[in-house]
Undergrad: 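There's a structure below that I have some questions on.
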Amino acid sequence: MATTETAETTRRDFLYIATGAVGAVGAAALIWPFISQLQPDASVLALSTTEVDLSQIAEGQIVTVKWRGKPIFVWNRTPDDITKAKDVQLSALLDPVARNANLPADAPATDENRAAKDKEKWLVVIGICTHLGCVPIGHSGEYDGWFCPCHGSEYDSAGRVRRGPAPENLPIPPYQFVSDTKISIG
Ligand code: FES
């Protein structure tokens, strides 16, 4: 008698579990299209990289391009801009980390780690102040880089924050040279 009850209980449990499992799969199948449609569509993915023709940027000029909806500053630095950035001691920086997506996360914020590899005149940064997200103004401020008009943060000619309240250097997006005069961001 006791054996029959156990067998019935086991069979009932199995039916419960099987029904529950089918229900869960059905619910997931129902929900997925709603989740899936929140993913970026093909037109957004197509914009995931942006190419910039550097031959159009004069020495000393900063141009702003758009990448994934963000402003990217591309600066063709003069020798003077580079020298000023190189002369800064790491100990003088508010943020000693390079913030360069192309380098290890703990790379120090030397000018070499901020500028383009083997092409130090090019500086490519995301043009969003690391304080509260305003767009800083180029060729401004005491440190010859950018000045953020919202709360007065200043960045130097390597895009490193030199006066707060911004806590971090302007981040450097992933990019690479696809030719001597063209970079691909993203
Ligand atoms: S947003 Fe730039 S200083 Fe506040």
Side-chain angles (χ1 to χ4, degrees), residues 38-40 43-54 56-117 119-177 183-186:
L38 299 176
Q39 307 290 326
S43 65
V44 172
L45 289 174
L47 296 174
S48 62
T49 63
T50 297
E51 289 205 340
V52 184
D53 181 1
L54 302 178
Q56 303 299 315
I57 306 173
E59 187 173 273
Q61 191 182 9
I62 301 173
V63 303
T64 305
V65 298
K66 215 169 168 188
W67 171 65
R68 295 185 187 170
K70 298 174 186 162
I72 305 289
F73 298 147
V74 183
W75 187 358
N76 183 353
R77 301 187 299 172
T78 64
D80 189 42
D81 297 325
I82 298 167
T83 303
K84 282 178 180 158
K86 282 189 181 302
D87 283 350
V88 178
Q89 299 293 313
L90 276 182
S91 57
L93 296 174
L94 295 180
D95 176 14
V97 180
R99 310 279 169 204
N100 185 341
N102 308 286
L103 295 177
D106 60 350
T110 56
D111 185 63
E112 190 187 13
N113 284 344
R114 298 277 303 167
K117 186 167 166 31
K119 294 182 171 60
E120 63 179 10
K121 68 179 187 168
W122 295 107
L123 181 72
V124 181
V125 296
I126 298 176
I128 298 176
C129 181
T130 60
H131 180 221
L132 291 174
C134 290
V135 177
I137 299 164
H139 295 301
S140 303
E142 200 181 312
Y143 299 92
D144 306 302
W146 287 271
F147 171 75
C148 182
C150 290
H151 311 93
S153 291
E154 297 191 42
Y155 299 88
D156 66 15
S157 55
R160 298 170 298 199
V161 64
R162 304 295 301 280
R163 179 170 294 157
E168 293 182 2
N169 303 324
L170 294 176
I172 296 173
Y175 72 94
Q176 56 184 324
F177 278 80
I183 57 169
S184 171
I185 304 170

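Order of appearance sets the numbers: ligands from 1, and atoms from 1 within every ligand.
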Undergrad: Aromatic rings W75 and W146: how do their planes relate, parallel, tilted or perpendicular, breaks at 30° and 60°?
TA: perpendicular
Undergrad: Answer whether the closest heavy-atom distance between the side chains of P167 and L94 falls below 4.5 Å.
TA: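 Not touching, per the 4.5 Å side-chain cut-off.
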Undergrad: Who passes side chain to side chain donor-acceptor pair (under 3.5 Å) against D156, sequence neighbours left out?
TA: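 D156 satisfies side chain to side chain donor-acceptor pair (under 3.5 Å) with R160, R162 only.
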Undergrad: May I ask you to check if the distance between the SG atoms of C134 and C150 is under 2.5 Å?
TA: yes
Undergrad: Any heavy-atom pair between the side chains of I172 and I126 that's under 4.5 Å?
TA: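 Contact flag for I126/I172 side chains = no.
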Undergrad: Using a strict cut-off of less than 4.0 Å between a Lys/Arg side-chain nitrogen and an Asp/Glu carboxylate oxygen, indicate whether K86 and D81 qualify as a salt bridge.
TA: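 Between D81 and K86 there is no salt bridge, as every charged N stays at least 4.0 Å from the carboxylate O atoms.
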Undergrad: Inside 2.8 Å of atom 4 (Fe) of ligand 1 but strictly below it, how many protein N/O/S atoms are present?
TA: 2
